[in-house]
Protein chains: 2
Amino acid sequence: MSSTRRAPRARPETLAKRTEILRAATATFGAKGYNRGPLTEIADQVGMTHAGILHHFGSKDQLLVEVLKYRDRTDVEGLQDQRMPDGLDRFRHLVRTAFANESRHGIVQAYAVLSAESVTDDHPGRAYFQERYRTLRQDLREAFEDACAERGITVPATVDRAAASILAVMDGLQVQWLLARDDVELAEASAFAIEALVGAVLDPRPSLLGEAGSVAADARSATDRDA
Amino acid sequence: MSSTRRAPRARPETLAKRTEILRAATATFGAKGYNRGPLTEIADQVGMTHAGILHHFGSKDQLLVEVLKYRDRTDVEGLQDQRMPDGLDRFRHLVRTAFANESRHGIVQAYAVLSAESVTDDHPGRAYFQERYRTLRQDLREAFEDACAERGITVPATVDRAAASILAVMDGLQVQWLLARDDVELAEASAFAIEALVGAVLDPRPSLLGEAGSVAADARSATDRDA
DNA sequence: GAGACGTTACTACACTGTCAGTAAGTAAGA
DNA sequence: TCTTACTTACTGACAGTGTAGTAACGTCTC
């Protein structure tokens, strides 16, 4: 809860040390989660004591927030022209990211663990992930709108669901992949799913499973146990 | 590590108390995760001390395993004839589950948190989730094979990816829903995504994004930072 | 010599698991 | 049916560990 907004009188080596800490923290939080990821382990990796870490970041909570922001920053750096592609290219970019992620096991694990952990009570990363998903969904909605405009079709009502689903399938596959890397093809499956979901929006087909309404009604009436 | 395989000389009230503990543990692990879910909080809910819980389950690790097994047991009870439907009905059943889940916030949260937490080092739930996903993927593969046989088409190579993707999208949507219940329609989005993915397997269409190969090659060459 | 950087030493606490002991139940034999 | 022997279901106290944060102190660098 210590809200010391750190505005360090940036010396160059200090900046380097701080990013070194951020990378170490990513590794530890990825391996053990936030709760079981002790500051001492992070400190060891950068040749410091845990009190040194606290000097830089004020609190462990704050460190987590900085770790998450840091990843976003480096992600954008990877882009040539510093901005996201639009239209269908946005989805192609997602597929590329999925391929790239196969060699970024540490970060993938950190994100998978932290995003799910963030739904627990009073988690310091909660606001971050809420905002992140909100932004990403909005992003994809716009990509869909662009793609629709290009093809001269009206924007279907399914874009909201599709946007959420695309992010969901990428996240979900990461968890399965982390648990069984030999059985799950992270990138290929992501590509397949994104393709399928984009296709379902831009070129919808009649339902194979029956209208949502009927299945829904069916579902509502059955299984009325509450846990 | 205390491997006291508990085979309790089942007294009826004892059994009841034990399931009471399992339900309380589900609530606590759901709210705080396994690591931050203390035994004392579980004990309080059932009017006991934490030592009492340990008497019944031997260790906290073992308790978690029992919690997970317990949920599986109750899930199967919900089914009328005790066995999973096959073919396309299997997917309809998934959609029904998604609808039912909207009123089972507690269990959904427990599963979302625990499954992601399980990818961390030495997590006691790891083996459980590995097995669970393996089984579920196999399940869905078979459902696809049935559906293909029914329609007289050969089984496409995409079934593996689709099976993993369907589970993934359901899990991923749950996380987003838990973080923003007003913005994400868990059930409707799940239905949409499952429909899209099943459709993409049974009735494939030409790619909108370009062949996987090209995008893959593109991806491999770019973004070669490792985290 | 002022402030940033970092250490050592310490406090405070949360949590799991152990242990000894108690109360209540259960089974068996006379 | 009373007694004895044993088991189950706990409690309360405590040990041990891991961990976040604080405070006081150096030390290097502008």
| note | Residues pairing under ring pair (Phe, Tyr, Trp, His ring centres under 6.0 Å) where one sits in residues 28-48 of chain A, two or more places apart or in two chains, turn out to be A/Phe29-A/Tyr34, A/Tyr34-A/His123
| said: Just the rounded figure in Å: distance from C1' of C/dA14 to CG of B/Asn35. | reply: 13 Å
Contacts under 3.5 Å, N or O only, protein and nucleotides 10-16 of chain D:
residue : atom : partner : partner atom : Å
D/dC10  : OP2  : B/His56 : NE2          : 2.7
D/dT11  : OP1  : B/Thr49 : N            : 3.4
D/dT11  : OP2  : B/Thr49 : N            : 2.9
D/dT11  : OP2  : B/Thr49 : OG1          : 2.6

| query | Rounding to a whole Å, what distance do you find between B/Asp61:CG and C/dC15:P? | reply | 16 Å
| request: Could you walk me through whether A/Phe99 and A/Leu186 pass side-chain contact (heavy atoms from CB on, under 4.5 Å), step by step? | output: CA-CA 8 Å; A/Phe99 276 91; A/Leu186 176 59; over 6 Å; no
| request: Let me know the distance between CZ of A/Arg18 and P of C/dG6, rounded to the nearest Å. | output: 10 Å
| request: Let me know the distance between CZ of A/Phe57 and C1' of D/dA20, rounded to the nearest Å. | output: 16 Å
| request: Could you tell me the separation between the CG atom of B/Leu64 and the P atom of C/dG17, rounded to a whole number of Å? | output: 12 Å
| field | All pairs passing salt bridge (Lys or Arg N to Asp or Glu O under 4.0 Å) where residues 166-175 of chain B contributes a residue, at least two apart | value | none
| message | Distance check needed: D/dG18 C1' versus B/Lys60 NZ, whole Å only. | response | 13 Å
| request: Please indicate whether A/Arg137 has more than 12 foreign heavy atoms, meaning atoms of other residues, nucleotides or ligands, lying under 6.0 Å from its CZ. | output: yes
| What is the distance from CD of B/Glu41 to C1' of C/dC15, rounded to the nearest Å? | 13 Å
| Considering heavy-atom distances to DNA chain C, does B/Tyr34 or B/Glu13 have its closest nucleotide positioned more toward the 5' end? | B/Tyr34
| task | Walk me through it: do B/Tyr128 and B/Tyr133 pass the test ring-ring contact (aromatic ring centres under 6.0 Å, His included)? | result | CA-CA 9 Å; B/Tyr128 170 85; B/Tyr133 280 118; 9.2 Å; no
| request: Sequence neighbours left out, what passes side chain to side chain contact (heavy atoms under 4.5 Å, CB included) with A/Asp160? Give chain and number order. | output: A/Arg141
| task | State which residues pass salt bridge (charged side-chain N to carboxylate O under 4.0 Å, His left out) with B/Arg134; sequence neighbours excluded, sorted by chain then number. | result | B/Glu131
| said: With a 4.0 Å cut-off on N to O distance, would you call A/Asp72 and A/Lys69 a salt bridge? | reply: no
| query | Using the C1' atoms of five pairs at each end, what's the angle between the two axes of the helix from C/dG1-D/dC30 to C/dA30-D/dT1, to 10 degrees? | reply | 10°
| task | Let me see the working for B/Gln45 and B/Glu41 under side-chain hydrogen bond (donor to acceptor under 3.5 Å, both in side chains), right down to the final yes or no. | result | CA-CA 7 Å; B/Gln45 292 176 72; B/Glu41 183 179 305; 4.5 Å; no
| Nearest-Å distance for atom pair CG/P, residues B/Leu15 and D/dT8 | 14 Å
